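In what follows, a structure is listed as structure tokens, so that the remarks can point back to it.
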Amino acid sequence: MEAVKSVPITQEKKNRKLPQKIGMYALLGVFLVISIFPFYWMFIGSTNESGKMFSNPPTLLPGTKLVENYQNLNSAIDISRVLFNSLFVSLLYVVSALIVCSLAAYALAKLDFKGKNLIFTAFLLSMMIPYQATLIPLFQMMSSAGWLNTYFAVIAPQICYPFAIFLLRQNFLAFPTELIEAARLDGASELKIFAKVVMPAMRPSLAAASIFLFMTQWNNFLWPLVVLNDSSMHTFPVALSSLMGLSYIDYGQVMMGVSIATIPIIIFFLVLQKQFISGMLGSAVK
Amino acid sequence: MSRSRLFPYWFLAPALVLFLIFTVYPVVASSILSFQKFEAGAYTFNGLNNYIRLFNDEIFWTALKNTFIIFIFQVPLMLLLAIVLAGALNSQLLKLKGFFRVSFFLPAVTSLVAYSILFSIMLQEEGIINNALSYLGIAAVPWLSDGFWAKASIILAMTWRWTGYNMVIFLAALQNIPEEIYEAASLDGAGKIRQFFHITIPQLKPVILFAGTLSTIGTLQLFDEPFNLTKGGPADSTMTLGLYIYQNGFEYFQFGYASAIAYVVVVLVAILTFIQFKVAGDR
């Protein structure tokens, strides 16, 4: 009896929620179009000639200028060279920052020593310092050391990245201390414990941190703009930005550049979205 | 135990050395630099002159005003949108949650330069956005050539780039609010809107504070968007503190003056963060 009665009630409930449901899908649908459309149009632009981007009615289908736009872009900037610079700088950065930051994070999470809180607080506070406050002395430093236009100048100032230390420390805290103590009793050296016991277990967190560090460096603009004035050393964002400073702007070529900067990251993101999101948001999510 | 008690410091040493060289030293050096000027090949003490000059510099005030206008409109608009979207994505009525979440997050992975350039093309007088608006019977908007609309363009572009990112932060926090609280409130007769203001917002407070602080620091340093979208124009209407520091430092090579502006940003970040903690942090 009860069961029979409950059927019309849930039906009614469902009906009551229908307008709410439609409203929600409509809202999300609008935002979906807003989020995705620029990417679609960017791709369309990279396959069309300049003028098509300003035609009315708008051109919404791919054109035939893909190869031509690529060639034009390649004659304006040395694509393979600039991409190599970006990739090399980013990878070098990920490796060095990961080593430095995970060592520090491990000490702050699992080791006891004097001044621990002070050091941790200093790292946390430095996250509040705007980048511009260090920009000019850093530039002077690089300039007087003769390091302008080097890969080293691009990555060095950010290798100790307090936010990464903070994220990694959160993850290291969850590692069981008993395992570390057991390894100590076995006579393993501290560095060995770190490298052979702790780090292998932290692989997922390290992967997430790597993605975050890679993105930070790959998209970095202001600092590379300041320290790299030789165009053969330019990273991709710097080269891309320089296209917009030319007296004649070939928009097909620019859109090709924007696509090259964006599409690989999007594919990378779609494949690794979980690690991407947890890396970029870190402990905020937990 | 033969183990050295110093070993934790060895783990910290690389980070600490880099931190001292590349963060602590520059922060101190630029504060000193802000009281100096470059004269006859050397830096000399200049008293408060850089700061006095700031007070009389119209472009500085314009940049300060612009930065604040962008901050005041962009951050709340974005956070509110992000909360609404997160609420919708958290609803049990919704399917395809993963698809929506990934799609909304997508703008956050693109480079600031690439999306700024993309928007600068879309927002031109003859660009696709105005063309689309013409079908709705809306006259062409001078997005990039009018002072008011240029600021609106920056706000729109930043909102496009960052809303999904903040949405995911809020979504994670929403999933940690126990369902029972809502059920209890429902039984007490609280409607959806009251539940939103009396349960959702208070529960999200620490996360809103976190997202708000990150956005504040980001907005006060705003550089990539105005540099690539509007070049600070028209007539300095999108000049920001970040862009003005860059111009003074690396176009006019007035390092002392640029450092003084940078310190204004430092102080503003400190004040605004303090206010946010005062307003939102008390429980």
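Chain naming here is simple, since letters A, B, ... match the order of the sequence lines and numbering starts at 1 in each. Treat the numbers as computed from the prediction; the structure is a model and nothing was measured.
Between chain B and the residues Q158(A), M255(A), K21(A), the most heavy-atom pairs under 4.5 angstrom are made by K21(A). Counting heavy-atom pairs closer than 4.5 Å to chain B, the top residue among K114(A), M53(A), K110(A) is K114(A). Top candidate by heavy-atom pairs under 4.5 Å with chain B, chosen from P157(A), P58(A), S126(A), is P157(A). Interface summary for chain B: among Y161(A), F37(A), F123(A), the most heavy-atom pairs under 4.5 angstrom belong to F123(A).
Contacts of Y115(B) with chain A are absent, with no heavy-atom separation under 4.5 Å from either backbone or side chain. Looking at I249(A), there are no atoms closer than 4.5 Å to chain B (heavy atoms on both sides), in backbone or side chain. For chain B, the nearby part of L60(A) is the side chain; its heavy atoms alone come within less than 4.5 Å. Heavy atoms of M127(A) lying under 4.5 Å from chain B belong exclusively to its backbone. Both the backbone and the side chain of A133(A) come within contact range of chain B, with heavy atoms under 4.5 Å apart. Proximity to chain A is limited to the side chain of L33(B), based on heavy atoms less than 4.5 angstrom apart. With a 4.5 angstrom heavy-atom cutoff, T216(B) does not touch chain A via any of its atoms. Neither the backbone nor the side chain of N220(A) comes within contact range of chain B; no heavy atom of the residue lies under 4.5 Å from a heavy atom of that chain. Contacts of I261(B) with chain A are absent, with no heavy-atom separation under 4.5 Å from either backbone or side chain. Contacts between I119(A) and chain B at a heavy-atom distance below 4.5 Å involve the side chain alone, from C-beta outward. With a 4.5 angstrom heavy-atom cutoff, Y25(A) touches chain B only via side-chain atoms. Contacts of A97(A) with chain B are absent, with no heavy-atom separation under 4.5 Å from either backbone or side chain. Contacts of S134(B) with chain A are made by side-chain atoms alone, with heavy-atom separations under 4.5 Å and no backbone atom involved. Only the side chain of T262(A) has a heavy atom closer than 4.5 Å to any heavy atom of chain B. Heavy atoms closer than 4.5 Å to chain A are found in the side chain of V84(B), but not in its backbone. Only the side chain of M215(A) comes within contact range of chain B, with heavy atoms under 4.5 Å apart. Residue contact with chain A, scored on non-hydrogen atoms closer than 4.5 Å, involves the side chain of K192(B) exclusively. Both the backbone and the side chain of L94(B) come within contact range of chain A, judged by heavy atoms closer than 4.5 Å. The contact between L103(A) and chain B is made by backbone and side chain atoms together, counting heavy-atom distances below 4.5 Å. Contacts of F223(B) with chain A are made by side-chain atoms alone, with heavy-atom separations under 4.5 Å and no backbone atom involved. There is no contact between A105(A) and chain B, counting heavy-atom distances below 4.5 Å. Neither the backbone nor the side chain of K116(A) comes within less than 4.5 Å of any heavy atom of chain B. Only the side chain of S91(B) has a heavy atom closer than 4.5 Å to any heavy atom of chain A. For L243(A), no part lies under 4.5 angstrom from a heavy atom of chain B. Only the side chain of F250(B) comes within less than 4.5 Å of a heavy atom in chain A; its backbone stays farther off.
Contact of the Q132(A) side chain with the V266(B) side chain is not registered, since no non-hydrogen atoms from C-beta on lie closer than 4.5 Å. A 4.5 Å side-chain heavy-atom check between I217(B) and P130(A) finds every atom pair outside the cut-off.
Side chains of Y43(B) and Q140(A): a donor-acceptor N/O pair is present below 3.5 angstrom, by distance only. Using a 3.5 Å distance cut-off with no hydrogens or angles, the side chains of Q124(B) and Y251(A) do pair a donor with an acceptor.
If you take CG on N219(A) and OG1 on T110(B), they are separated by 7.0 Å, rounding to the nearest 0.5 Å. To the nearest 0.5 Å, atom CG of residue L93(B) and atom CD of residue Q20(A) are 5.5 Å apart. To the nearest 0.5 angstrom, M141(A) atom CE is 6.0 Å from Y25(B) atom OH.
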Next on the checklist: Evaluate F227(B) against L225(A) for side chain to side chain contact (heavy atoms under 4.5 Å, CB included), listing each step before the verdict.
Outcome noted: CA-CA 11 Å; F227(B) 186 87; L225(A) 176 72; 3.9 Å; yes

Item to check | Trace of the side chain to side chain contact (heavy atoms under 4.5 Å, CB included) decision for W218(A) with S111(B) | outcome: CA-CA 8 Å; W218(A) 182 261; S111(B) 101; 5.5 Å; no

Checklist entry - Between T273(B) and M128(A), does a side chain to side chain contact (heavy atoms under 4.5 Å, CB included) hold up when you go through it step by step? => result CA-CA 9 Å; T273(B) 310; M128(A) 312 280 294; 3.0 Å; yes

Item to check | Residues F221(A), L112(B); criterion side chain to side chain contact (heavy atoms under 4.5 Å, CB included); working and verdict | outcome: CA-CA 8 Å; F221(A) 176 58; L112(B) 293 173; over 6 Å; no

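The shortest non-hydrogen separation linking S55(A) to N131(B) is O-ND2, 2.9 Å. The two residues L28(A) and F100(B) have their closest heavy-atom pair at CB-CE2, 3.7 Å. Of all non-hydrogen atoms in A114(B) and V258(A), the two that sit nearest each other are O-CG1, 3.7 Å. Here the closest heavy-atom approach between residue P237(A) and residue V113(B) is recorded as O-CG1, 3.6 Å. Of all heavy-atom pairs spanning F39(A) and P107(B), the tightest one is CZ-CA, 3.9 Å. I265(A) and V109(B) make their closest contact through CG2-O, 3.2 Å (heavy atoms, listed as atom of the first residue, atom of the second, distance).
A centroid separation of less than 6.0 Å is found between the aromatic rings of F105(B) and F269(A).
For Q221(B) (side chain) and Y131(A) (main-chain N/O), a donor-acceptor pair under 3.5 Å exists by modelled atom type.
Note on ring orientation: taking the six-membered ring where Trp is involved, the planes of F11(B) and F194(A) are perpendicular (angle over 60°, cut-offs 30° and 60°).
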